[in-house]
Amino acid sequence: MYKSYLKSILLLGLVFITHLGFAQKSTNSKTEALKKEVIGALEAKSKTAQEMVDMTFSFSELGFQETETSNYLTNILETNGFTIERGIGGIPTAWMAKWGNGKPFIALGSDIDGIPKASQKPGVAYKEPIVEDAPGHGEGHNSGLPLVILSAIEVKKIMEREKMAGTLIIWPGVAEELVGSKAWYVRDGYFKNVDACIFTHVSSNMGVSWGDAGNNGLVSVEFKFEGSSAHAAGAPWRGKSALDAVELMNIAWNFKREHLKPTQRSHYVITDGGDQPNVVPSKASVWYYLRERTYEDIKSMYDEAILYSKSVAAMTGTKVTHQLLGTAWPGHFNKPIAEALYKNIKTVGLPTWDAADQQLARAVQKLVSAPKKDYKGELIDGLATKIDTLNGPVLFSSGGGSDDIADIAWNVPTVVFRYPSNIPGTPGHNWADAISMATPIAHKGVVAGSKVVAATLIDMLTNPKIIADAADYHKNGQTKDVKYITFLEANTPAATHLNKQIMDEFRPQLKKFYYDPTKYKTYLEQLGITYPTLEKRGTE
Ligand SMILES: [Zn+2]
């Protein structure tokens with residue numbers, strides 16, 4: 001009796017286990033089928049990808065002034081059923097687009113701003129601005145949001161048909177070059193209920209990493225001094241020079257460098273050095289980026305810089321105020337999401353580059369004197385043909401750049417997916433980085449990248465374990481000992497005044513070169529560029 005009872009329990013258990021296994025398998029095969037479907041659908045979207053990438057490229061807008069870009073992209077999202085909330089974080093060009101219902105809430109973002117003086121014709125391997133001295137996409141931020149929008153629209157179609165729960169949230173990294181928006185979004189609660197975030201960034205390969213990214217966080221802060229003017233020859237003893245204060249502040253900081261850790265980076269520009277030499281400058285200002293590897297070290301540099309500004313104000317009899325213009329934490333990214341995403345990177349793989357793409361890449365590498373090898377010791381020769389490995393936390397870092405995506409990553413499980421739309425070995429923040437950004441290299445990179453993001457979205461929507469593991473890593477790994485503290489006060493405004501003057505000056509000239517897809521197949525065609533043009537033709 002007892003024996004047969006035991007036997008039936010065992011049997012029942014066995015049936016249950018096989019049933020579970022079957023359910024798991026059928027979910028897996030369903031997921032795989034949906035991923036295959038969305039990848040195929042995105043392959044058919046290469047024309048749309050090209051238009052969006054070229055259009056955004058042609059707007060060439062700097063941080064906080066991305067009005068055309070934001071209008072264009074939100075219009076596409078609205079047409080596709082997303083609801084837009086504009087002006088988030090007190091930033092006119094920022095927004096959040098939402099579609100779906102219930103959990104999981106998945107945010108998809110990318111930066112949209114350009115680089116000063118980076119205007120450059122695409123597809124030509126020499127310097128030739130579209131508009132002399134105008135801004136341009138010398139970082140490639142014209143490609144990331146087109147990529148995530150493509151993914152989201154195709155995944156939405158599947159979610160509707162399959163009646164899948166979940167909410168897709170699209171958002172732009174406004175003024176990333178000024179690290180000026182993401183900490184504000186976080187402070188104002190826009191990421192409060194978000195379960196996961198996939199951020200995309202242009203690169204010359206496909207990759208993702210998790211853990212400590214090894215980069216620096218920063219504060220961007222402007223010090224404004226005010227003294228009093230006087231005739232610089234007639235009565236200089238009556239003047240109190242604000243420029244003296246700026247210069248003394250810079251001297252003090254440059255002496256301080258000797259006693260800072262080698263991981264720090266600090267740099268400044270004088271934003272106001274007075275008006276003309278015969279007037280003792282009553283106003284002067286200097287803008288600092290202070291970067292370090294930890295919150296504590298950034299904070300200590302920030303506090304010291306404020307102390308120095310007050311000290312030189314005392315020395316010169318001037319008054320000083322400071323304003324925080326931007327901030328970012330050092331990066332740390334989510335392991336379970338990175339692992340899930342990396343599987344899709346392997347499935348999708350790098351785009352197929354043709355001879356023209358490779359010719360342009362090699363000519364640009366020659367043009368910029370690209371290093372022979374990358375930081376991993378891999379040869380730099382043309383476009384990437386081997387996908388990057390999945391990288392874990394860095395063990396040693398000598399510091400480097402910053403990205404305010406970190407502020408979101410310390411609040412929400414986040415990864416940065418890098419997609420291949422640029423040429424390896426370019427210097428970054430340079431006109432040469434714009435050359436590929438409205439060519440087939442960028443277009444193919446964006447389509448390939450959109451497939452990876454879409455496939456990962458399908459994974460997250462069909463497998464709740466990814467979201468649960470991501471939350472667990474975030475809570476019990478990443479933020480167990482390190483707690484996020486913002487550098488912002490409750491009322492610190494976003495520095496939306498930045499770049500206004502430059503855009504007011506150049507927008508009318510750039511407008512003449514906005515891409516018109518109703519007349520031209522590509523932006524290259526509109527500009528009359530044969531792809532690729534490797535050498536500048538002499539004047540006949
Ligand atoms: Zn960037």
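Counting convention: from 1, in listed order, for ligands and their atoms alike.
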Quiz item: Below 4.0 angstrom, N of the basic side chain to O of the carboxylate: do R187 and D407 qualify?
Solution: no
Exercise. From the options Y419, W171, F191, select the one residue that forms a ring-ring contact (aromatic ring centres under 6.0 Å, His included) with F199.
Key: W171
Quiz prompt | Any N, O or S atom of D403 closer than 2.8 Å to the Zn ion (ligand 1) | solution = no
Self-check item: Residue H141 atom name (nearest to the Zn ion (ligand 1); N/O/S)
Solution: NE2
Quiz item: Below 4.0 angstrom, N of the basic side chain to O of the carboxylate: do K372 and D381 qualify?
Solution: no
Practice problem: Compute the angle centred on the Zn ion (ligand 1) spanning NE2 of H201 and OE2 of E139, and express it rounded to 10 degrees. | Solution: 100°
Quiz item: Would you call E68 and M55 a side-chain contact if the rule is heavy atoms closer than 4.5 Å?
Solution: no
